[in-house]
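Below you'll find the structure, written out as structure tokens, and then a few comments.
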Amino acid sequence: MGYAVLHLDKAKGNDSGISAHIERTIQPKNVDPELTSLNKELIEFPEGIENRTQAIQHRIETANVARKVTSDQVRAIRLILTGTHQDMIRINEQAKLDQWCTDNIQ
């Protein structure tokens, strides 16, 4: 048995750099484009929202926050799951990731 690590990072601003990487609007050097079809969207965007940047802004605008959200504040939390290739395959085959997301992400 290897490992899996869940990283939590604060995202300030509109997080457009990571959004471009995730949505493949840019092609990072370390990405095999033939594997992009294996990516999963864990959260569906609201109607009319087309990308992560819009989704982050939409969530802020509809969260009933009484004060202004400034550009230097945390706007989202990035969750990145990494691990050994074998363990990620095992986690996927056991459907544990899908179940965890269903139970914990809204």
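The residues of the chain are indexed from 1 along the displayed sequence. Heavy-atom basis, side chains included; hydrogens, waters and symmetry copies ignored.
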Kindly write out the residues that satisfy side chain to side chain donor-acceptor pair (under 3.5 Å) with Gln94, not counting sequence neighbours, or none if the list is empty. Lys96
Ignoring hydrogens, what is the shortest heavy-atom contact between Arg67 and Gln73? Give both atom names and the distance.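 Looking at all heavy atoms of both residues, the closest pair is NH1-NE2, 3.2 Å.
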Determine whether Leu6 and Val74 fall in the same hydrophobic cluster, where Ile, Leu, Val, Met, Phe, Trp and Tyr are linked whenever their side-chain heavy atoms lie under 4.5 Å apart.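 Yes, one cluster joins them.
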Membership question, hydrophobic clusters at under 4.5 Å side-chain separation (ILVMFWY): are Val69 and Ile56 in the same one? yes
As a test of understanding, state which of Gln54, Gln57, Arg59 forms a side-chain contact (heavy atoms from CB on, under 4.5 Å) with Ile49. Gln54
Separation between CZ of Arg75 and OG1 of Thr70, rounded to the nearest 0.5 Å: 7.5 Å
Could you check whether any side-chain heavy atom of Leu8 comes within less than 4.5 Å of a side-chain heavy atom of Leu79, counting everything from C-beta outward?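 A side-chain contact exists here, since the closest heavy-atom pair is under 4.5 Å.
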Counting only heavy atoms not in Gln27, do more than 12 sit closer than 6.0 Å to its CD atom?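 Yes.
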